[in-house]
Asker: 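The following block contains the structure, expressed as structure tokens.
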There are 2 protein chains.
Amino acid sequence: MNNFVYRNPTELIFGRGQLSVLEAKAKQLGSTVLLVYGGGSIKRSGLYDKVVSQLQAAECRVIELSGVEPNPRLNTVKKGIELCRQEGVEWILAVGGGSVIDAAKAVAVGVPYEGDVWDFYTRKAVAESALPLGTVLTLAATGSEMNRGSVITNWETQEKFGGTCTFPTFSILDPENTFTVPRDQTIYGICDIMSHVFEQYFSHTTEIPLQTRFAESIMKTVIENAERVLENPEDYDARANILYCGTMALNGTLPVGVDTDWATHSIEHAVSAVYDIPHGGGLAIIFPQWMRYVYRENVARFVRFAVEVWNVDPAGKTDDEVALAGIEATAAFFARIGAPTRLADYKIGDDQLEVMAQKATPFGPIGRFKPLGSEDVAEILRMSL
Amino acid sequence: MNNFVYRNPTELIFGRGQLSVLEAKAKQLGSTVLLVYGGGSIKRSGLYDKVVSQLQAAECRVIELSGVEPNPRLNTVKKGIELCRQEGVEWILAVGGGSVIDAAKAVAVGVPYEGDVWDFYTRKAVAESALPLGTVLTLAATGSEMNRGSVITNWETQEKFGGTCTFPTFSILDPENTFTVPRDQTIYGICDIMSHVFEQYFSHTTEIPLQTRFAESIMKTVIENAERVLENPEDYDARANILYCGTMALNGTLPVGVDTDWATHSIEHAVSAVYDIPHGGGLAIIFPQWMRYVYRENVARFVRFAVEVWNVDPAGKTDDEVALAGIEATAAFFARIGAPTRLADYKIGDDQLEVMAQKATPFGPIGRFKPLGSEDVAEILRMSL
């Protein structure tokens, strides 16, 4: 186990009807709020009305930033920052999935910062203060509700970067708010959660038995609940289990003391930056190929993965065969739940491979399980076609 | 899964040499500190000198509250509060195990409170403010380093109560600081950690797959590292794994959405109140008997426990046999690591059974897995003789 520092002050408010705490939270946080949301699904589901009613009960003046994109854009963030400054916004409420929350985080740290908010994503600056941020999560996927990461796309430079912003002060997670998530978004969310665990599980760090078991716990729980939520989108318990797994997969618990990887996310970001495909779909395509490309760096870890997570029977198999069976099971799981399996599913051919490979490695090799240069990335993308 | 709220703002600073952050922390928290410790083992181990040297480098004035008892006493807490007020103490540093940290928490909430600090333990008041508290943990056991609980004994009224006080601002956990823990204290710590998990694992709440797996992860990790630390007290990795398990066992992660039990802790407190035996030793004796007394309330849960935690092979066995094999394995584990197995090991006979049974149930039945009245408790104690 490596040395580590862990801190996560977000208050997680989980369960049926928990939105009712919003009025009291609003009274604590201030009388002018920026309400951030996406394309309007929260209006169709009725959640928007419930949220506004709570804010009105708290006598909040509500300023709106709507239309946040699935891959949230820097221009939208800047519009939000401008709004906050003009209107004297005291706190921010994000209602939606990871994209909405990520945009809201960028606004939260951008308002008190004199420079360009993009500095936090290009690592030119570290966020030192932020407006308080609450979230009402509607999608199990990114874990953004309980961490301080944020991913923003700069369309002018075709860059999609992650930045370290601010923890939400509180996050309200009502599984019922995920009942109306469309099937494809539900699938992408599951792929995203599994991918977050993969990034933190495949490691050469030794003596991390609890971290390893926690990661396996999340993967097993997602696997056993994935088909339940797809068969019955209003299965409260299955939605609750997936939702809680999504939070625990990326709230800082898994990586303590562990060398994590994150190369596949960089590769997917490069693909999304060029083709604007859904993040979870891209991950489902690329991850099994990354596994095939790197597993020989630590076959024992992939053997454990196969046996513990996918119940591969190692009897009569070589370690290599067991490891590959685990990778096959991963790909088969993604296919079974209806995720895309090849870049061709998004009509992506080989004409931009080098561009994406360069974009994935702007600061040199990526990943720690096997550091990947742009040629490695190009090969993984070629395997993913 | 039940609704839940989770929040834990403590910064966990884990690993070799992490004490070096103390100077910077001290500079942030103030120039007058109350240093709280126990009977002097930190002087023998050299930790005291290292701590004081960091505080001096930060130009802190150090006021000392030493001699905190293994079951910390209200009078000691009051002495600490008085010291803080007289000396204008700005923050508190607890260096030791759970008892030292619990006493420091009581002082931290007692200083800004105008009433009697005991009010927080008799539930007459809720702590609303506290002096900042840092901890340097020397013993893997209570989890107090990352929660806001505190157990204090009022010798005048012969009451031992738990109160909700304050989260440490930061806790420094260097596994090397646990190398010199005596063998018996190491064993008691392991029993305490396992017992904390049991209290939160045996539940009738359904649809808690991730919480269940997290609990099993901690139990398996403690079991596989227990004999390692006993064989070689300076095995860094084994000490690190146990230390991290101790924190995760009681930092609020396991009980989210779960009806927890805690009857066995109440029973043990009653035994300790009469006979002053070590808490971890009492738990090791009573828990297997509690299991035998209650398992029929939910045999399936005990079957899972046996199979997942103790690798009991269910083939050819009835559920009852599997469940009992898991309980036997639990008792055998405690015996194998050298924990006491019967109340007779502490020369406790049957003459005070009724008194202890009454003390364990002052407000009526205890526990949720099977609510236990005083007659149930007396029977469990009789089984433990």
Side-chain angles (χ1 to χ4, degrees), chain A residues 1-18 20-21 146 167 169-175 206-225 228 235-249 251-253 256-257, chain B residues 1-18 20-21 146 167 169-175 206-225 228 235-249 251-253 256-257:
Chain A
M1 197 188 314
N2 304 332
N3 282 6
F4 69 82
V5 175
Y6 172 87
R7 188 183 74 93
N8 190 325
T10 300
E11 182 178 18
L12 199 64
I13 305 164
F14 192 103
R16 260 192 196 98
Q18 293 284 34
S20 61
V21 307
M146 201 179 180
F167 288 101
T169 306
F170 67 87
S171 284
I172 298 171
L173 279 66
D174 182 342
T206 56
E207 291 285 356
I208 47 166
L210 190 59
Q211 295 91 327
T212 297
R213 290 191 170 105
F214 277 3
E216 290 161 354
S217 297
I218 295 174
M219 292 188 278
K220 291 186 216 180
T221 304
V222 171
I223 293 163
E224 77 187 9
N225 284 279
R228 287 177 69 189
D235 181 330
Y236 179 87
D237 294 312
R239 287 282 195 187
N241 288 329
I242 295 273
L243 191 59
Y244 182 48
C245 281
T247 301
M248 292 305 294
N251 72 350
T253 302
V256 299
Chain B
M1 197 188 316
N2 303 333
N3 282 6
F4 68 83
V5 175
Y6 171 88
R7 187 183 74 93
N8 190 325
T10 299
E11 182 178 19
L12 199 64
I13 304 165
F14 191 103
R16 258 192 198 100
Q18 291 284 35
S20 62
V21 307
M146 200 179 180
F167 288 102
T169 306
F170 67 87
S171 284
I172 298 172
L173 278 65
D174 181 343
T206 57
E207 291 286 356
I208 48 167
L210 190 59
Q211 295 90 327
T212 297
R213 290 191 170 106
F214 277 3
E216 290 162 353
S217 297
I218 295 174
M219 291 188 279
K220 290 187 216 180
T221 304
V222 171
I223 293 163
E224 77 187 8
N225 284 278
R228 288 177 68 190
D235 181 331
Y236 179 87
D237 294 311
R239 286 283 194 186
N241 288 328
I242 295 272
L243 192 59
Y244 183 48
C245 282
T247 300
M248 293 304 296
N251 72 350
T253 302
V256 299

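Computed from heavy atoms alone, side chains included, the values below leave out hydrogens, waters and symmetry copies. Everything quoted here is computed from the prediction, not taken from an experiment. Residue numbers begin at 1 in each chain, while the letters A, B, ... track the order of the sequences.
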Asker: Taking side chain as everything from C-beta outward and backbone as N, CA, C, O, which of these in Thr253(B) sits under 4.5 Å from a heavy atom of chain A? Side chain, backbone, both or neither.
Answerer: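 Looking at Thr253(B), backbone and side chain both touch chain A.
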
Asker: Check whether Val256(B) gets within reach of chain A through its side chain, its backbone, both or neither, counting any heavy atom under 4.5 Å.
Answerer: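 Contact with chain A: side chain only.
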
Asker: Measure distances from Phe170(A) to the heavy atoms of chain B and classify the residue's part below 4.5 Å as side chain, backbone, both or neither.
Answerer: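 For Phe170(A), no heavy atom lies under 4.5 Å from chain B.
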
Asker: Working to the nearest 0.5 angstrom, can you tell me the gap between Arg16(B) CZ and Met1(A) CE?
Answerer: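 It comes to 11.0 Å.
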
Asker: Please classify the contact of Asn241(B) with chain A as side chain, backbone, both or neither, using a heavy-atom distance under 4.5 Å.
Answerer: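 Contact with chain A involves both backbone and side-chain atoms of Asn241(B).
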
Asker: Measure distances from Asn225(B) to the heavy atoms of chain A and classify the residue's part below 4.5 Å as side chain, backbone, both or neither.
Answerer: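 Side chain only.
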
Asker: With only heavy atoms counted, which part of Phe167(B) is less than 4.5 Å from chain A, the side chain, the backbone, both or neither?
Answerer: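 No part of Phe167(B) comes within 4.5 Å of chain A.
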
Asker: To the nearest 0.5 Å, what is the distance between CG on Asn3(A) and CD1 on Ile13(B)?
Answerer: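 Asn3(A) atom CG to Ile13(B) atom CD1 measures 11.0 Å (nearest 0.5 Å).
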
Asker: Picking from Pro209(B), Gly257(B), Pro9(B), which has the most non-hydrogen pairs under 4.5 angstrom with chain A?
Answerer: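 That would be Pro209(B).
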
Asker: With respect to chain B, which residue among Asn8(A), Asn2(A), Val5(A) yields the maximal number of heavy-atom pairs within a distance under 4.5 Å?
Answerer: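 The candidate making the most pairs under 4.5 Å is Val5(A).
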
Asker: Only counting residues at least two apart or in another chain, list the ones meeting ring-ring contact (aromatic ring centres under 6.0 Å, His included) with Phe214(A).
Answerer: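 Only Phe214(B) meet the ring-ring contact (aromatic ring centres under 6.0 Å, His included) criterion with Phe214(A).
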
Asker: Using the ring centroid of each side chain, check whether Tyr244(A) and Tyr6(B) are separated by less than 6.0 Å.
Answerer: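 Between Tyr244(A) and Tyr6(B), the centre distance exceeds or equals 6.0 Å.
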
Asker: Any carboxylate oxygen within less than 4.0 angstrom of a Lys/Arg side-chain nitrogen, looking at Lys220(A) and Glu216(B)?
Answerer: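 Between Glu216(B) and Lys220(A) there is no salt bridge, as every charged N stays at least 4.0 Å from the carboxylate O atoms.
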
Asker: Step by step, work out the side chain to side chain contact (heavy atoms under 4.5 Å, CB included) result for Leu210(B) and Ile218(A).
Answerer: CA-CA 6 Å; Leu210(B) 190 59; Ile218(A) 295 174; 3.7 Å; yes

Asker: Measuring from atom CZ of Arg7(A) to atom CG of Leu12(B), what distance do you get when rounded to the nearest 0.5 angstrom?
Answerer: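 The distance works out to 12.5 Å.
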
